[in-house]
Structures are given as C-alpha cells and as structure tokens.
Amino acid sequence: MLDLNFVRESLDAVKTALQNRNFPTESLEKFVELDAERRRVIGESDAINQQRNVSSKEIGALMQSGQKDEARRKKAEVADLKIKQAELEKQRDKSENLMRELLAGLPNIPQRDVPVGADESANVEVRSWGTLREFDFEVQDHVDLGESLGILDFERATKIAGSRFAILNGAGAKLSRALINFMLDVHTTEHGYTETLPPFLVNRQALFGTNQLPKFEADLFHLTDERGLALIPTAEVPVTNYHAGEILDAADLPKYFAAYTPCFRSEAGSYGKDTRGLIRQHQFEKVELVKLSLPENSAEEHEKLTANAERILQLLGLPYRTVVLSTGDMTFGATKTYDIEVWLPSQKTYREISSCSNCADFQARRMNLRFKRSGNAKTEFVHTLNGSGLAVGRTWIAVLENYQQADGSILIPEVLQPYMNNLEKIG
RNA sequence: GGAGACGUGGCUGAGUGGCUGAAAGCGGCAGUUUGCUAAAUUGUUGAGGAUCAAAAGUCUUCCACAGGUUCGAAUCCUGUCGUCUCCGCCA
C-alpha cells in the first residue's frame with residue numbers, strides 16, 4: 001500500500017508509475033476528492049468532540065455542586081452534538097473506506113532503474129551462468145523421464161485429487177526431499193538465514209499484508225468453514241507477516257528467514273497454460289527467502305538475496321539467466337523484481353524458477369510492520385523482500401532434464417548425493 | 001468437545017464510571033557524579049489523525065477487537081478473537 005501523504009504530494013509521479021504498469025489512473029482523481037472531503041469532516045468532528053469533552057466536564061462539576069437544572073440543559077446540548085457528530089462520523093467512515101479501498105488497490109511504484117515496458121518482452125537479461133549441455137541423443141522431457149523411471153505419477157494423482165496434481169515416488173520423492181534439505185542447509189549455514197516452519201493456513205489479514213488480498217482472491221484455495229482461512233500460495237505470506245503490527249528495534253535488522261512449505265494455487269484463469277508436467281500445479285514445494293531490512297539497505301539486500309538463490313543453481317550445476325522485470329511485467333507489490341530462469345533442454349528455453357522482489361515499505365504499511373532507530377527517532381516502516389530459493393518442483397524438473405542420460409537414467413548432482421544415501425544415479 | 005480464569009504502554013503491574021494516555025517498578029534515552037567497569041542521582045521516554053510551509057503549539061483518537069449503555073467508560077453490557085488452568089479426545 002502506498003503512503004497517503006506520498007500519493008497526495010506526488011500525484012504526477014504516481015500517475016506516471018501507474019501508466020508504466022498498465023494500470024488505470026482514473027481512481028487518482030476520485031482519491032483527491034475523497035481526501036479533501038475526509039479532512040474537512042475530521043476537522044468538524046474533532047471540534048465537536050472537543051466541545052463534548054468540555055461540556056461533559058462541566059456537567060460533572062454542576063452535578064457535584066447540585067445545579068441539576070443547569071446540568072440537564074447541558075446534557076441536552078451534548079445530545080444534539082452527538083447527533084450531529086454521528087452524521088459526520090458516518091461520512092468520515094465512508095470516505096475513509098473508499099480511500100483505503102482505492103489505496104489498497106494501487107500497485108507499488110517501480111524503482112528508477114526498472115526498464116519501462118508493456119510486458120515481458122521489455123524484460124532485460126542482467127546475467128547468465130553455466131554452459132548449455134550438448135546432447136548426442138534425443139532429449140526427453142521430465143514427464144517421459146519421470147514416468148518411465150516410475151518416480152512420477154500423474155494418472156493416480158488425478159484419480160485422487162484431480163488435474164494439476166502429481167505424485168512423486170521412490171527416488172523421485174527422495175530427490176524432492178533432498179532438494180529441500182540441501183537448499184535450507186545452504187541458506188542457513190552459508191547465507192545467514194534463520195530456518196522457520198510456519199503455518200500453511202493463514203487468515204485474511206495476513207493475506208492482505210502481502211498483497212494477495214483484495215485483488216487476487218481467485219488465485220487462492222479458501223477453506224469453507226467459519227474461520228475463513230486459506231491455504232498459503234507461498235511462504236511469503238506467513239513469514240513476512242511474522243512481525244506484523246510490531247515495532248522492531250533498528251539494531252535487530254536485517255532479519256533473514258528461510259522457510260520450506262508446500263504452496264497451493266488455484267491457477268484460475270491459466271487453463272491451457274503449461275498443462276503438461278510439473279511446471280504449473282495446484283500444489284508445489286518451495287523454499288522461500290524473506291528479508292526484513294532497513295530502508296537504506298533494501299536495494300543491496302535485494303541483490304544479495306537474488307545471489308543467494310542463484311547460488312543454489314550454481315551448486316547444482318544448472319544453467320540459468322537472471323532478468324530484471326519491466327514495469328509492465330512486475331507483480332503488484334514490487335518496486336523491482338529479478339526473475340531467475342533455469343534452462344530446460346526439452347523446451348530449449350529458460351523457465352522461471354525464482355522471483356526475487358523488493359517490496360520496500362509497501363507490504364510493511366499494509367501489515368503495520370515498523371521499526372525504530374535508537375534515540376527519540378520516529379517509527380519508520382521496514383522494507384520487506386522475498387524470493388524463492390528455489391521452487392523445488394521446477395528444480396526437480398531441471399535436474400531430471402539437464403542430468404538425463406541416453407538410457408533414460410538421471411545422474412544425481414554431487415552436492416545432492418549426501419542427501420540421497422550417496423545414490424549417484426536414478427534408474 | 002466440557003468447566004473456569006483472564007486480556008492495560010517495550011516488559012512487570014496498579015487502576016471498577018469523571019481529576020487516568022493511564023500510578024509504581026524495570027528497561028530505553030539524556031545529563032550529573034566517582035579514575036574505568038559497576039553503582040548512585042536528576043530529568044525524559046507510547047502510537048495514529050487534523051491544523052501548520054515546517055517546527056513548536058493546539059485539538060482529537062487509541063487500555064485485545066467490534067458494537068452498546070451514559071452528559072461522561074480502561075472501568076458497566078453484548079459479540080468476536082486470543083491466552084491460561086482442569087477434564088475428555090488425539091498425531
């Protein structure tokens with residue numbers, strides 16, 4: 001969520017930013033009107049409140065000194081004020097709710113160095129790593145590889161849960177678990193993250209804090225009971241909200257969290273997209289990185305977080321490239337996003353395996369996550385960052401496809417072997 | 001699931017209708033003092049909003065949250081959420 005004063009004072013900058021994000025700007029004019037209205041009403045209402053407070057004190061004094069009639073007259077006065085005030089409060093609630101709705105619906109402002117463009121075609125590659133392997137046989141995709149090895153089963157998953165679910169078996173399940181443990185170990189021992197295992201169900205407030213609500217309701221799986229919980233679409237939700245509503249000590253920042261969780265997405269509106277294989281599932285595994293940072297350090301922390309995610313691919317020997325998303329392709333809450341894309345031989349293309357975003361104070365304002373510097377400084381909003389480190393399912397795909405052999409077996413990357421009872425090969 | 005207790009500021013904890021944004025202590029910050037550490041001592045110390053060019057000042061809101069009663073509510077009433085204790089059940 002953007003800052004009210006910022007929007008008020010930098011209307012033109014906000015407008016430009018929205019346009020760059022392909023976002024309609026009409027709501028801004030409405031916003032200005034509502035803002036003026038709101039301030040007028042607050043002023044009037046406060047003045048009445050003051051009168052009420054004064055009168056109430058006088059009534060108390062009159063009662064004590066036994067001036068009953070005078071007290072009764074005052075009471076009637078206050079009753080009138082209350083009626084007037086109730087009207088004003090109603091107006092105030094109305095305009096504040098509308099403003100909050102408008103404000104909560106505005107996306108974040110991209111950083112200056114983000115390429116301006118309408119869609120992903122304007123994304124810019126910032127670096128690539130690794131050498132693409134030359135195959136002297138016909139490559140198979142992960143579906144053919146996994147099914148013939150007996151480690152991947154879509155048919156039975158469909159039987160018990162429906163389409164876009166999968167079952168991993170034997171060495172396939174173990175590979176997934178190995179990837180999770182490997183990623184968590186690297187991030188906690190080499191990159192300084194604290195491992196955390198959060199709830200997989202979250203409430204609406206948490207979902208609002210990390211921007212899933214109100215705009216992306218349809219992407220979630222909701223529980224139908226009266227609690228109104230939803231399955232997490234990413235660990236970003238429970239982990240970033242960890243300190244929501246708190247005022248942290250500046251000395252305790254930055255904080256680094258690494259969390260493994262399953263993730264659940266309804267993928268509404270993506271029918272027909274990536275229907276084959278594990279690329280796009282209703283349930284997938286992910287190790288997520290979350291940082292809480294001082295504002296002045298968030299850009300640097302963003303670079304480091306992205307590098308931390310890339311490090312996993314380097315250790316696994318998987319070729320990738322990193323792109324910075326253009327203004328038109330960025331997600332709602334980000335000021336800047338790097339996508340890391342891994343090479344998939346079967347598709348002869350790079351596919352997203354991690355998305356690392358600096359949300360600046362956008363989420364912190366939504367969840368009221370603040371910090372205070374030493375001395376008598378004012379409270380400020382923390383900057384929040386998140387990125388996959390990495391998406392486990394897609395890493396699983398990349399390992400199968402990049403390490404496949406002519407006979408359909410899979411060589412296991414050396415760093416993973418200790419996590420798989422020193423198994424060197426599947427099949 | 002059944003029975004009961006309780007939710008006050010960074011923390012502990014007073015406060016049962018007006019003088020309480022809130023005692024006291026701890027912690028934090030600033031100063032004084034003893035050679036350092038430590039101690040002592042004095043002061044200061046919550047978060048929003050409106051007004052203002054800004055600061056100061058002024059006004060206003062907030063004692064889990066949302067409603068209600070009242071001229072007036074942290075204090076009374078209702079609902080919700082959460083915590084604790086006992087019993088039952090359970091991975």
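In this text, all values refer to a predicted model and were calculated from it rather than measured experimentally. Naming convention: chains lettered A, B, ... in sequence-line order (proteins, then strands); numbering from 1 in each chain.
Nucleotide rG25(B): paired with rC11(B) (Watson-Crick or G-U wobble, both distances less than 3.5 Å). The nucleotide rA55(B) finds no pairing partner, because no Watson-Crick or G-U wobble arrangement with both distances shorter than 3.5 Å includes it. Across all strands shown, rU69(B) has no partner, as no Watson-Crick or G-U wobble contact with both distances under 3.5 Å is found. Remark: rC62(B) base-pairs with rG46(B). Criterion, Watson-Crick or G-U wobble with two distances under 3.5 Å. Across all strands shown, rC6(B) forms a Watson-Crick or G-U wobble pair, both distances under 3.5 Å, with rG82(B). With a cut-off of 3.5 Å on both Watson-Crick or G-U wobble distances, the partner of rU32(B) is given as rA40(B). Across the strands present, rG1(B) finds its partner in rC87(B); the criterion is a Watson-Crick or G-U wobble pair with both atom distances under 3.5 angstrom.
When the P atom of rU51(B) is taken as reference, atom CD1 of Ile48(A) falls 17 Å away, rounded to whole Å. Between the CG atom of Asn5(A) and the C1' atom of rG48(B) there is a distance of 12 Å, given to the nearest Å. Taking atom CD on Glu9(A) and atom C1' on rA54(B), their separation rounds to 12 Å, with Å as the unit. The interatomic distance linking Gln205(A) (CD) with rU80(B) (C1') rounds to 14 Å, in whole Å. Rounded to an integer number of Å, the gap from Asn49(A) CG to rU58(B) C1' is 15 Å. Put simply, CG on Leu248(A) is 13 Å from P on rC11(B), counting in whole angstrom units. When rounded to the nearest whole Å, the span between CZ of Arg370(A) and C1' of rA47(B) equals 6 Å. Rounded to a whole Å, the CD atom of Glu246(A) is 14 Å from the P atom of rG9(B).
Aromatic ring pairs are classed by plane angle as parallel below 30°, tilted from 30° to 60° and perpendicular above 60°; the pair Phe165(A) and His282(A) is tilted.
Listed by chain and number, the residues in a side-chain hydrogen bond (donor to acceptor under 3.5 Å, both in side chains) with Asp185(A) are Tyr419(A) (sequence neighbours excluded). Listed by chain and residue number, nothing satisfies the salt bridge (Lys or Arg N to Asp or Glu O under 4.0 Å) test with Glu147(A) (two or more places apart in sequence, or in another chain).
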Contacts under 3.5 angstrom, residues 244-253 of chain A side chains, donor-acceptor by atom type, not counting sequence neighbours:
{"from": "Glu246(A)", "atom 1": "OE1", "to": "His243(A)", "atom 2": "ND1", "distance (Å)": "2.9"}
{"from": "Asp249(A)", "atom 1": "OD1", "to": "Ala251(A)", "atom 2": "N", "distance (Å)": "3.1"}

Would you list the atom pairs, donor with acceptor, under 3.5 Å between side chains in residues 107-115 of chain A and any protein atom, with sequence neighbours excluded?
{"from": "Asn108(A)", "atom 1": "ND2", "to": "Gly333(A)", "atom 2": "O", "distance (Å)": "2.9"}
{"from": "Asn108(A)", "atom 1": "ND2", "to": "Cys359(A)", "atom 2": "O", "distance (Å)": "3.1"}
{"from": "Gln111(A)", "atom 1": "NE2", "to": "Thr335(A)", "atom 2": "OG1", "distance (Å)": "2.8"}
{"from": "Asp113(A)", "atom 1": "OD2", "to": "Lys336(A)", "atom 2": "NZ", "distance (Å)": "2.8"}

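In this structure, Asn368(A) and Leu4(A) both approach RNA chain B, and ranking their closest nucleotides by distance from the 5' end singles out Asn368(A). Of the two residues contacting RNA chain B, namely Ile247(A) and Gln50(A), the nearest-nucleotide position lying further toward the 5' end is that of Ile247(A).
For rG82(B) and rA39(B), the P atoms lie 42 Å apart once the distance is rounded to whole Å. A distance of about 10 Å separates the P atoms of rA22(B) and rU45(B), rounded to the whole Å. Comparing the C1' positions of rU60(B) and rC52(B) gives a spacing of 16 Å, expressed to the nearest Å. Nucleotides rU16(B) and rG72(B) place their C1' atoms 15 Å apart, quoted to the nearest Å. Rounded to whole Å, the P atom of rC59(B) lies 42 Å from the corresponding atom of rA5(B). With both ends at atom C1', the span from rC84(B) to rG21(B) equals 28 Å, rounded to whole Å. To the nearest whole angstrom, the two P atoms, one in rG25(B) and one in rA40(B), are 13 Å apart. Nucleotides rU8(B) and rC63(B) are separated by 12 Å at their P atoms, to the nearest Å.
At a threshold of 4.5 Å between non-hydrogen side-chain atoms, the residues Asp119(A) and Asp329(A) do not count as touching. You'll find the side chain of Leu152(A) reaches within 4.5 Å of the side chain of Trp396(A), heavy atoms only.
Sequence neighbours left out, the pairs with a member in residues 191-201 of chain A that pass side chain to side chain donor-acceptor pair (under 3.5 Å) are His187(A)-His191(A), Tyr193(A)-Asn308(A).
Using a 4.0 Å heavy-atom criterion, one finds that Arg38(A) contacts the sugar-phosphate atoms exclusively. As judged by a 4.0 angstrom heavy-atom cut-off over every strand, Asn53(A) is placed among residues touching the sugar-phosphate backbone only.
If you check distances only, the side chain of Asp46(A) does reach the base of rG49(B) with a donor-acceptor pair under 3.5 Å.
Considering only side-chain N and O atoms, Thr379(A) lies under 4.0 angstrom from the phosphate OP1 or OP2 of rG48(B).
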Between protein and nucleotides 67-72 of chain B, what N or O pairs are separated by less than 3.5 Å?
{"from": "rC71(B)", "atom 1": "O2'", "to": "Ser56(A)", "atom 2": "OG", "distance (Å)": "3.1"}
{"from": "rG72(B)", "atom 1": "OP1", "to": "Arg52(A)", "atom 2": "NH2", "distance (Å)": "3.0"}
{"from": "rG72(B)", "atom 1": "OP1", "to": "Lys82(A)", "atom 2": "NZ", "distance (Å)": "2.9"}
{"from": "rG72(B)", "atom 1": "O4'", "to": "Ser56(A)", "atom 2": "OG", "distance (Å)": "3.3"}

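Closest approach to the Arg39(A) side chain among rG46(B), rG49(B), rA50(B) is made by rA50(B) (side chain taken as heavy atoms from C-beta onward).
Side chains of Asp219(A) and Ser266(A): no donor on one and acceptor on the other come within 3.5 Å.
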